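Written below as structure tokens is the structure these notes are about.
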There are 2 protein chains.
Amino acid sequence: MIKFSLCPRYELAFELLGKKWTGLIIRCLLDGPKRFSDLTDIIPHISAKVLADRMKELEHQGIIIRSVYPEIPVKIEYSLTEKGRDLEKALEQVQQWAEKWIIIKQKKSE
Amino acid sequence: MIKFSLCPRYELAFELLGKKWTGLIIRCLLDGPKRFSDLTDIIPHISAKVLADRMKELEHQGIIIRSVYPEIPVKIEYSLTEKGRDLEKALEQVQQWAEKWIIIKQKKSE
DNA sequence: TATTATACTTACATAAAGTTATTAAGAAAT
DNA sequence: ATTTCTTAATAACTTTATGTAAGTATAATA
């Protein structure tokens with residue numbers, strides 16, 4: 001009997017997507033390049049520490065590019081590479097799934 | 001200027017998918033119902049502790065169903081609900097992305 | 001001199017995940 | 001009767017990841 005097994009590339013993909021915040025960061029950047037402070041504004045509750053960690057990992061994985069503009073104060077912009085932009089379809093499907101299935105719990109009024 | 005913001009349902013979706021192992025567990029179950037020991041066999045390096053935690057969460061979120069068959073020894077089978085099966089398209093896109101972009105580092109043959 | 005701004009870093013605390021040993025229930029073997 | 005086997009976990013403990021709060025560097029402005 002032939003046993004099912006996972007694809008190693010898929011496993012590696014989820015070493016990225018399976019980390020907290022990664023899916024949200026990439027989603028933000030699909031909207032266009034963003035600065036560090038844009039990301040902390042847009043992503044609720046992410047801390048500077050973890051955002052910095054995540055950006056380093058994503059840059060290391062070739063998913064984002066960090067561009068430095070020597071303005072005053074310095075402007076640093078993060079943008080997606082082709083590899084990063086190519087995640088759009090996958091994240092769009094997550095979005096569609098979420099719209100169909102995720103229920104937002106309302107707080108009781110009163 | 002209208003500011004971009006994340007969709008709350010999408011954020012909640014990534015509270016699931018953004019956890020370690022979740023994407024792999026669901027991928028396994030898309031292949032068909034599986035037992036606890038099947039999952040530990042198929043998913044490399046997952047521990048019983050975390051698998052048990054994850055299965056409880058996924059059951060709680062209505063993504064999987066836990067069925068008990070009172071055989072000897074007991075047989076417990078996990079299967080996807082419609083909500084869970086509906087993640088197939090999203091995970092397929094992750095798979096395609098992974099096949100295109102993820103490079104597997106070979107160990108030097110020497 | 002003190003304050004503002006951006007993009008972080010540092011030290012410390014808590015939460016999540018990993019490791020190893022153990023449990024429960026029932027059957028079967030010794 | 002006691003040990004052994006099986007599945008599906010759980011318990012105690014260690015390590016890693018994430019969260020929190022404060023601090024740093026640079027240069028301009030008040």
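The model shown is predicted, which means the values in this text are computed figures rather than measured ones. Here is the naming used below: chain letters follow the sequence lines, and residue numbers restart at 1 for every chain.
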- prompt: A/L17 versus B/L17: any side-chain heavy-atom pair under 4.5 Å?
  reply: no

task: Taking the side chain as every heavy atom from C-beta outward, state whether A/K19 and A/E57 have any pair of such atoms under 4.5 Å apart.
output: yes

message: Would you say CD1 of B/I103 has more than 12 non-hydrogen atoms from neighbouring residues, nucleotides or ligands within 6.0 angstrom?
response: no

- prompt: In Å and rounded to the nearest 0.5 Å, what is the OG1 to CZ distance from B/T22 to B/F14?
  reply: 11.0 Å

- line: Sorted by chain and number, sequence neighbours left out, side chain to side chain contact (heavy atoms under 4.5 Å, CB included) with A/R85 holds for A/L80, A/E82

message: Holding to side chain to side chain contact (heavy atoms under 4.5 Å, CB included), I want the full list of residues that pass it with B/K83, two or more places apart in sequence or in another chain.
response: A/W97, A/W101, B/I63, B/T81

Please tabulate, one pair per line, all N/O donor-acceptor pairs under 3.5 Å involving side-chain atoms of residues 23-40 of chain B, not counting sequence neighbours.
residue, atom, partner, partner atom, Å
B/D31, OD2, B/K34, NZ, 2.9
B/K34, NZ, B/G32, O, 3.2
B/D38, OD2, B/R35, N, 2.9
B/T40, OG1, B/S37, O, 3.0

Nearest whole Å is fine: how far is [N] [atom2] from [X] [atom1]?
X	N	atom1	atom2	result
B/L39	D/dA8	CG	C1'	12 Å
A/D38	C/dA5	CG	P	15 Å
A/K56	C/dA7	NZ	C1'	11 Å
A/L51	C/dT6	CG	C1'	13 Å
A/M55	C/dT9	CE	C1'	16 Å
A/E15	C/dA17	CD	P	14 Å
A/E71	D/dA25	CD	P	23 Å

Identify each atom pair where a protein N or O and an N or O of nucleotides 17-21 of chain D are less than 3.5 Å apart, giving names and distance.
residue, atom, partner, partner atom, Å
D/dT18, OP1, A/R54, NH2, 3.1
D/dT18, OP2, A/R54, NH2, 2.8
D/dG19, OP1, A/K20, NZ, 2.8
D/dG19, OP2, A/W21, NE1, 3.0
D/dG19, O6, A/K49, NZ, 3.4

query: Has A/Y78 got a side-chain N or O lying under 4.0 Å from the OP1 or OP2 atom of C/dC8?
result: yes

Protein-nucleotides 27-30 of chain C N/O pairs closer than 3.5 Å?
none

Can you name the residues that form a salt bridge (charged side-chain N to carboxylate O under 4.0 Å, His left out) with [X], not counting sequence neighbours?
X	value
A/K75	A/E77
A/K100	B/D86
B/R9	none

Between the protein and nucleotides 4-7 of chain D, list the N/O to N/O atom pairs that are separated by less than 3.5 angstrom.
residue, atom, partner, partner atom, Å
D/dT7, O3', B/R35, NH2, 3.0
D/dT7, O3', B/V74, O, 3.3

- request: Would you mind listing every side chain to side chain donor-acceptor pair (under 3.5 Å) that reaches into residues 59-68 of chain B, with sequence neighbours excluded?
  value: B/R66-B/Y78

- request: Ignoring hydrogens and angles, state whether a donor on the side chain of B/Q95 or B/E99 is under 3.5 Å from an acceptor on the partner side chain.
  value: yes

Just list the side-chain donor-acceptor pairs under 3.5 Å for residues 45-52 of chain B, sequence neighbours left out, or say none.
residue, atom, partner, partner atom, Å
B/S47, OG, B/V50, N, 3.3

- prompt: Using the C1' atoms of five pairs at each end, what's the angle between the two axes of the helix from C/dT1-D/dA30 to C/dT30-D/dA1, to 10 degrees?
  reply: 40°

